[in-house]
Amino acid sequence: MIALTLFRLAAFARSHRVVRALLPVLVLLALAYGVRAPLGQEVTALTDTAVLLVPLLAWSARSLLDTEPDQQRAISATAVGSPSREVAAGLLAALVVTSAFAALALAWGLLLGVSELPPRGALAAAIALHALSALAGTALGALTSRPILPSPALSIMTLVLGFLAMLLVSLSPAAWLTVPLGGWMRAAADGLLTDGLPWLAVPSLLWPLLGLAAYARLRRARP
């Protein structure tokens, strides 16, 4: 399974889809951190970027999972011994890519986007939010990938609308029904992110994990 994961990462890089996935992330970072965040606003700036990264990371995960032709996916499942391992290898490769892009965004923000490093607790919270952003993006990208939604137009539309729905619901009283992206931003703006992170982390982990489980189940139903 690890060999298949590395194979998919190599194919993603050789096909130059990685460039298509990375460019929107670089554009976002250039715009978000074109001017350094003023003193006291470091955590807010980092949090807003973590939220805006979600659809771009979903696009990256979708691009990686779409790289392999359908016939090759069937061959890969046979090679690793079971469809479950093939699915897991794809998700692991997608998570590696989204985590790398999220780490790049965090490093860019800390080096070029803030006036000074936030306190240790706030910095740990910002790191956690970027990790949660990578997980949420992986789940959304997987659920809109070609094995689940064969139509490219429907896939892209679902990805964009899925992120917008996630954001709008998270700003409503029913925020617990999705990843609380709005809760991340509110907590950061109010200076409560460090204390509120444990409560925000529960749904932020739960819904992406449920999304990945749904993807695995759908893949078993549609090999």
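Given the structure is predicted, the values throughout are model-derived calculations rather than measurements.
- Nearest approach of Leu65 to Ala94, heavy atoms of both residues: CG-CB, 4.5 Å.
- Here the side chains of Leu46 and Leu110 are in contact, with some heavy-atom distance below 4.5 Å.
- What you find for Leu159 and Pro55 is that their closest heavy atoms are CD2-O, 3.8 Å.
- Minimum interatomic distance between Ala21 and Ser60 (heavy atoms only, all atoms of both residues): CB-OG, 3.5 Å.
- When every heavy atom of Val25 is checked against every heavy atom of Phe101, the shortest pair comes out as CG2-CD1, 4.2 Å.
- Applying the salt bridge (charged side-chain N to carboxylate O under 4.0 Å, His left out) definition to pairs two or more places apart or across chains, none involves residues 38-54.
- Leu31 forms part of a hydrophobic cluster together with Val27, judged by ILVMFWY side-chain heavy-atom separations under 4.5 Å.
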Which pairs would a plain distance check flag for residues 115-138, meaning a side-chain donor or acceptor within less than 3.5 Å of a matching protein atom at least two apart in sequence or in another chain?
residue : atom : partner : partner atom : Å
Ser115  : OG   : Ala37   : O            : 2.5
His130  : ND1  : Ala126  : O            : 2.8
Ser133  : OG   : Ala50   : O            : 2.8
Thr138  : OG1  : Thr98   : OG1          : 2.8
Thr138  : OG1  : Ala134  : O            : 2.7

Run the side-chain donor-acceptor check on residues 196-209: report pairs under 3.5 Å with partners two or more places apart or on a different chain.
residue : atom : partner : partner atom : Å
Ser204  : OG   : Trp184  : NE1          : 3.1
Ser204  : OG   : Leu200  : O            : 2.6
Trp207  : NE1  : Trp176  : O            : 2.9

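- No side-chain heavy atom of Ser170 sits less than 4.5 Å from a side-chain heavy atom of Leu177.
- In terms of modelled atom types and a separation under 3.5 Å, the side chain of Arg62 and the main chain of Ser145 share no donor-acceptor contact.
- Remark: Arg146 pairs with Asp70 by the side-chain hydrogen bond (donor to acceptor under 3.5 Å, both in side chains) rule, at least two apart or across chains.
- Applying the side-chain hydrogen bond (donor to acceptor under 3.5 Å, both in side chains) rule to Glu68 yields the partners Arg8, Ser76; only residues at least two apart in sequence or on another chain are considered.
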